[in-house]
2 protein chains.
Amino acid sequence: MRPLFHPALEDIRPEAILYALSDPERVAIFAKLATAGCGGTCSALADLGDRVIPKSSLSNHFKVLRESGLIRSERQGVEMRNQTRCAELDQRFPGLIRSILVAYGQFPGQLETMSGEQSRDRQ
Amino acid sequence: MRPLFHPALEDIRPEAILYALSDPERVAIFAKLATAGCGGTCSALADLGDRVIPKSSLSNHFKVLRESGLIRSERQGVEMRNQTRCAELDQRFPGLIRSILVAYGQFPGQLETMSGEQSRDRQ
DNA sequence: TCAACAGTTCCGAATTTCTGAACTATGGAA
DNA sequence: TTCCATAGTTCAGAAATTCGGAACTGTTGA
């Protein structure tokens, strides 16, 4: 398994962000992560209610989210911990993520790491 | 030639907007329209500097922009007049278009019909 | 009536997406 | 250790999408 790629903040491209979030399944996953309340593992995010995303598709969704710079993934034992990069992203693209989530009706008030706490970054 | 389809404001879907604007060529076209200064015809927008978009691709770009709800196209004689639906869109998805254009570095201060003038709508 | 022009449609090639099946990595139990 | 279960990744082929040249359509002006 090749090491997971995460773009540096300055390498994040708006087209990648928009592309990643132009898929409602990925938005649903990202919104769940952004609004916390879930463990952040892949499997915990597979159930969208109306359908269960196949494993391989899910894995690909996470790859797209990760490589576009929207999330950070980190192996923890047998599973994967995912977290959004909202705080960083808001620095680079002010207001973007928020207005996208609002547009999707996925902004219930509290974004995990956005604007509030300045994220105790580990790198 | 079938009649051009324009979604009603309430039928505009965020995923369509993001998808349409996840392509840098379409963003370039849309930004030129949004910041005025050009006629709004297709051919006037074909030249991106580094490459000239083929006619059929250009036509498709306009179709994507139109059917996502980002622009309105109207035949005027032999050519097509295009205009953004920024004012309407900002009503439905507050801040979205603006923050996207800012993210792309395509927001030079003056958006044609956004927030300022409430657009003398023709319909 | 005809030619020119702006843009659309068609269609085949190339690329991308999707997902089941096989595989890999980790941790726990025997 | 070895073995099994679990979480997720990679592979591969089918399906869907995108791209763009060539042919077509609709409009204007000569």
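Just so we're clear, the structure is a prediction, and the values are computed from it rather than from any experiment.
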**Q** Just how far, in rounded Å, is P of C/dT19 from CD of A/E25?
**A**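 That distance rounds to 7 Å.
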**Q** Under 3.5 Å between N/O atoms: give me all the protein pairs with nucleotides 26-29 of chain C, atom names plus distance.
**A**
none

**Q** Within this structure, what is the CG-to-C1' distance between B/L65 and C/dG7, rounded to whole angstrom?
**A**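 So the CG-C1' distance, B/L65 to C/dG7, works out to 15 Å.
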**Q** Linking Ile, Leu, Val, Met, Phe, Trp and Tyr by side-chain heavy atoms under 4.5 Å, what else ends up with A/Y19?
**A**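 Traced through the cluster, A/Y19 reaches A/V64.
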**Q** Report the distance from atom NZ of A/K63 to atom C1' of C/dC18, rounded to the nearest whole Å.
**A**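 It is 14 Å, rounded to the nearest whole Å.
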**Q** Should we say atom CZ of B/R13 is surrounded by more than 12 heavy atoms from elsewhere, each under 6.0 Å from it?
**A**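 No.
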**Q** For the side chain of A/T41, starting at C-beta, report the closest nucleotide among D/dG8, C/dT8, C/dC18.
**A**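 Looking only at side-chain atoms, A/T41 lies closest to D/dG8.
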**Q** Just checking, is any N or O donor in the side chain of A/S22 or B/S22 under 3.5 Å from an acceptor N or O on the other one?
**A**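 Distance-only check fails for A/S22 and B/S22.
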**Q** Rounded to the nearest Å, what distance is computed from the CG atom of residue A/D23 to the C1' atom of nucleotide D/dA16?
**A**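 From A/D23 CG to D/dA16 C1': 14 Å.
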**Q** On DNA chain D, nearest-nucleotide positions of B/K55 versus B/N60: which is more 5'?
**A**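 Mapping each residue to its closest nucleotide by heavy atoms, the 5'-most match is B/N60.
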**Q** Does a nitrogen or oxygen in the side chain of B/S56 sit under 4.0 Å from OP1 or OP2 of D/dG20?
**A**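 Result: no.
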**Q** Measure CD/A/E15 against P/C/dT16 and give the value in whole Å, please.
**A**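 Value for this atom pair: 14 Å.
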**Q** May I have the distance from A/I53 (atom CD1) to D/dT9 (atom C1'), rounded to whole angstrom?
**A**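 Taking atom C1' of D/dT9 as the reference, CD1 of A/I53 is at 16 Å.
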**Q** Does this structure show an ion pair linking B/R51 with B/E25, if we count only N-O contacts that are shorter than 4.0 Å?
**A**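 Here B/R51 pairs with B/E25 in a salt bridge, since their nearest N and O are under 4.0 Å apart.
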**Q** What is the distance, to the nearest angstrom, from the CG atom on B/L58 to the P atom on C/dA6?
**A**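 Whole-Å distance recorded here is 12 Å.
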**Q** Distance check needed: C/dA6 C1' versus B/F62 CZ, whole Å only.
**A**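 Going from CZ in B/F62 over to C1' in C/dA6 covers 12 Å.
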**Q** Got a salt bridge between A/E74 and A/R72, using NZ or NE/NH1/NH2 to carboxylate O under 4.0 Å?
**A**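 A/R72 and A/E74: not salt-bridged.
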**Q** Output the distance between atom OG1 (B/T35) and atom CZ (B/F30), rounded to the nearest 0.5 Å.
**A**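 The CZ atom of B/F30 is 10.0 Å from OG1 of B/T35, to the nearest 0.5 Å.
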**Q** Show the nearest heavy-atom pair for residues B/G95 and B/D90, with the distance to one decimal.
**A**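 Reported closest heavy-atom pair: N-OD1, 3.0 Å.
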**Q** Could you tell me whether B/R51 contacts a base, only the sugar-phosphate backbone, or nothing, with contacts defined as non-hydrogen atoms closer than 4.0 Å?
**A**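 Since only primed, P, OP1 and OP2 atoms lie under 4.0 Å of B/R51, the category is sugar-phosphate.
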**Q** Under 4.0 Å from OP1 or OP2 of C/dT19: is there any side-chain N or O of A/S57 that close?
**A**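 Yes, A/S57 has a side-chain N/O under 4.0 Å of OP1/OP2 on C/dT19.
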